[in-house]
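Structure first, commentary second.
Excluded from the calculations below are hydrogen atoms, water molecules and symmetry mates; all remaining heavy atoms, backbone and side chain alike, are included. Here the structure is a predicted model, which means the values were calculated and not measured. To find a chain, count down the sequence lines: A is the first, B the second, and so on, and within it residues start at 1.
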Amino acid sequence: MSELKIYNSYSRQKEVFTSLTPGHVGMYVCGPTVSGESHLGHARPYITFDVIYRYLMHLGYKVRYVRNITDAGHFEEEGREAEDKISKKAVLEKLEPMELVQKYTNLYHWAMEQFNTLKPTIEPTATGHIVEQVGMIEELINAGYAYVSNGSVYFDVKKYAANHDYGKLSGRVLDDLLEATRELEGQDEKKDAADFALWKNATPEHIMRWKSPWGVGFPGWHIECSAMATKYLGAQFDIHGGGMDLLFPHHESEIAQSTICNHTAPVRYWIHNNMITIDGRKMGKSYNNVIKLTELFSGDHPLLAKAYHPMVIRFFILQTHYRSTLDFSNEALQASEKGLKRLWEAYEKLRAMSYEPREGNLDAELEARSSKLIAEFKEFMNDDFSTAKVLANMFELAPVINSMKDKTIPVSALSKETFELLQQQMKVYVEDILGLKSVNEADNSTLQGVMQLLIDIRREAKSKKDFATSDKIRNQLAQLGISLKDEKDGSMNWSFESL
RNA sequence: GGUCCUUUGGCCGAGUGGCUAGGCUCAGCUCUGCAAAAGCUGCUACGGCGGUUCGAAUCCGCCAGGGACCUCCA
């Protein structure tokens with residue numbers, strides 16, 4: 001029995017996973033900033049960590065999965081313009097800040113539902129935890145690692161670095177950071193360029209503001225995660241996840257803050273997903289190459305050849321390892337679309353099949369190969385969540401399943417145990433762990449009934465060699481976007497053509 | 001400029017020093033009233049140069065390309 005190994009960004013190597021409290025896992029994942037719509041790039045961490053969450057539960061852990069909503073807004077460029085993203089946009093859209101935040105939070109939740117991600121067990125908001133953040137900042141000041149300047153509070157990085165290894169997570173050297181000083185307004189409030197804001201004094205035009213011991217202002221970006229993670233997961237917890245671009249300064253700062261307040265390293269395993277790229281370049285606002293999720297689902301974007309179903313996106317993301325970059329292209333997405341369809345159809349066939357024992361049919365080679373492929377699901381997931389390899393194995397099993405359905409291979413070529421294990425494990429991995437679901441939204445019993453009627457009529461016509469009628473039914477349905485397939489065993493299947 | 005990562009067949013991608021990953025595309029065949037699907041077969045790659053090794057896509061060095069972070073960023 002292999003054990004779960006996770007690549008820890010902090011140690012830069014794979015480590016055997018053990019949880020702090022036996023049977024329980026505490027996991028924190030950086031959630032969205034709800035100042036705008038989520039794009040394809042954002043989908044990656046949520047799907048990646050959804051699978052990790054699902055897998056940990058599959059392993060029997062009780063997981064507390066905390067994913068925050070950043071609704072308090074941060075600086076576009078610290079110190080340069082005293083306007084945070086959210087309040088700026090609110091003015092543009094003539095909405096109350098919280099109205100805007102609510103709108104994008106709803107949209108985000110909707111998108112997550114499309115992706116079939118499980119809800120976190122706690123989804124705290126930054127604005128709902130101002131008290132905790134202020135409290136933590138006070139602790140930092142009392143400990144001597146933060147100082148007040150002009151109504152703002154900064155973390156003293158140099159002091160922290162003197163007795164802690166600041167920069168270890170992101171591979172940074174403090175001296176380099178101090179040298180890389182940039183000429184920014186407001187920098188003079190800080191003792192050192194490397195210091196980061198814990199609390200910012202709010203200028204009059206800044207709409208989101210709270211009272212604090214240092215005046216009216218708003219929390220710095222990094223403190224929310226430290227405060228909320230500590231509150232819900234404790235001083236030290238098992239897993240912290242997020243995109244690789246958050247490594248610095250965000251997570252590095254989190255470590256520093258939490259270490260001082262909690263007197264221990266906050267996180268045992270840091271997990272970071274890589275970026276989704278377009279033409280080899282990271283998808284991001286600053287590159288102007290963003291494809292929003294709503295656009296992806298509707299196909300309404302100049303870069304998109306067509307609309308893509310959320311499950312196709314999910315599958316696309318799972319087909320590569322989470323620590324590799326993943327390059328977007330219509331070609332790649334369409335390849336995923338077809339692959340997913342093939343896999344899902346094989347899976348559905350398997351579900352509908354039942355074992356028929358028959359003497360002397362056992363194919364020892366197939367039996368051995370199949371059991372190995374099934375057993376490897378777990379092995380691959382245990383190896384730093386290698387979903388791509390799990391899928392590869394499933395694709396190797398697909399021809400076996402399809403051949404059984406077509407009766408090219410008897411079901412009894414496998415032993416009853418292996419066949420049933422195949423059925424059971426495919427269900428567990430396809431649905432429970434990888435979180436895939438049907439792309440056919442035909443859970444409509446009326447439509448099911450109508451289709452069954454057409455299939456019956458067509459079958460009768462075929463049996464009378466009335467091909468004009470049978471073809472008419474199939475062709476007309478095709479025009480409606482429904483494809484009808486004759487299976488080799490005499491049954492007929494239908495599905496929506498365009499996913 | 002600093003730090004780090006990466007470079008695989010037509011495309012996307014996995015990869016442990018020795019054994020065909022997988023998907024998509026393409027070609028051929030089988031099945032089929034036809035179609036679609038499915039099955040089978042074929043297409044055998046590892047940026048360049050050098051080194052270590054019995055043996056390297058996999059380790060080391062140099063060169064070249066690409067990228068990420070250093071600033072909000074999944």
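Using a 4.0 Å heavy-atom criterion, one finds that A/Leu247 contacts no nucleic acid atom at all. A/Met283 comes within 4.0 angstrom of a base, heavy atoms only. Within the nucleic acid shown, A/Thr408 has no heavy atom closer than 4.0 Å to any nucleic acid atom. Nucleic acid contact class of A/Asn402 (heavy atoms, under 4.0 Å, all strands): sugar-phosphate only. No engagement by A/Leu343 is indicated, since no non-hydrogen atom pair under 4.0 Å with the nucleic acid exists. A/Ser483 comes within 4.0 angstrom of no nucleic acid atom, judged by non-hydrogen atoms across all strands. Within the 4.0 angstrom heavy-atom criterion, base atoms lie near A/Asp245. At a threshold of 4.0 angstrom between heavy atoms, the contacts of A/Ile276 include nucleobase atoms, whether or not backbone atoms are also involved. Counting any heavy atom pair closer than 4.0 Å across all strands shown, A/Arg369 reaches no nucleic acid atom. Residue-level contact check: A/Glu487 touches neither bases nor backbone, having no heavy atom under 4.0 Å from any strand. Counting non-hydrogen atoms under 4.0 angstrom, A/Asn393 reaches nothing in the nucleic acid. Heavy atoms of A/His250 sit nowhere under 4.0 angstrom from any nucleic acid atom.
Comparing B/C49 with B/A45, their P atoms are spaced 15 Å from each other, to the whole Å. With both ends at atom P, the span from B/G17 to B/G39 equals 33 Å, rounded to whole Å. One C1' atom belongs to B/C4, the other to B/C11, and the distance between them is 28 Å to the nearest Å. To the nearest whole angstrom, the two C1' atoms, one in B/G9 and one in B/U25, are 12 Å apart.
Picking from B/C31, B/A35, B/G23 the nucleotide with the shortest atom distance to the side chain of A/Arg474 gives B/A35. For A/Ala388, the side-chain atoms get nearest to B/A14 when compared with the rest of B/C69, B/A14, B/G22. The side chain of A/Ser324 lies closest to B/A14 when the candidates are B/A68, B/A14, B/A38. Considering only side-chain atoms of A/Lys282, the nucleotide from B/A37, B/C11, B/A74 that sits closest is B/A74. In this structure, of B/A38, B/U25, B/G2, it is B/U25 that holds the atom nearest to the side chain of A/Lys338. Distances from the side chain of A/Pro249 to the nucleotides B/A37, B/G23, B/C70 place B/C70 closest. Closest to the side chain of A/Glu331, from the set B/C24, B/C34, B/C11, is B/C11. Closest contact between the side chain of A/Tyr287 and the listed nucleotides B/A74, B/C31, B/A68 involves B/A68. Nearest to the side chain of A/Asp471, among B/A14, B/C34, B/G39, sits B/C34. Distance from the side chain of A/Ala392 is smallest for B/A21 among the nucleotides B/C69, B/A21, B/G23.
For the 3.5 Å distance criterion, the side chains of A/Tyr53 and A/Lys119 fail to qualify, holding no donor opposite an acceptor. Between A/Gln334 and A/Tyr308, the side chains place a donor N or O and an acceptor N or O closer than 3.5 Å (distance only, hydrogens not considered). Side-chain contact check for A/Glu431 and A/Tyr347: at least one donor-acceptor pair (N or O, by modelled atom type) lies under 3.5 Å. A donor-acceptor contact closer than 3.5 angstrom is absent between the side chains of A/Asp192 and A/Tyr154. Under 3.5 Å, the side chains of A/Glu113 and A/His109 contain no donor-acceptor pair of N or O atoms. There is no side-chain donor-acceptor pair under 3.5 Å between A/Tyr104 and A/Asp71. Between the side chains of A/His272 and A/Asp245, no donor-acceptor pair is found at a separation under 3.5 Å.
Take the nearest nucleotide of RNA chain B for A/Arg281 and for A/Gly284: the residue whose nucleotide is more 5' is A/Arg281. Of the residues near RNA chain B, A/Ala332 and A/Arg12, the one whose nearest nucleotide (by heavy atom distance) lies more toward the 5' end is A/Arg12.
In terms of polar N and O atoms assigned as donor or acceptor, the side chain of A/Asp486 comes within less than 3.5 Å of the base of B/C34 in a complementary pairing. Not a single donor-acceptor pair, N or O on each side, falls under 3.5 Å between the base of B/A74 and the side chain of A/Arg44. A donor and an acceptor atom never sit less than 3.5 Å apart when one is taken from the side chain of A/Asp327 and the other from the base of B/G13. Not a single donor-acceptor pair, N or O on each side, falls under 3.5 Å between the base of B/A21 and the side chain of A/Lys389.
Put simply, CD on A/Glu376 is 12 Å from C1' on B/U16, counting in whole angstrom units. In this entry the distance linking CZ of A/Arg342 with P of B/G22 reads 11 Å, nearest Å.
Put simply, A/Phe467 rests on the base of B/G33: the two rings are less than 5.5 Å apart at their centres and nearly parallel, under 30°.
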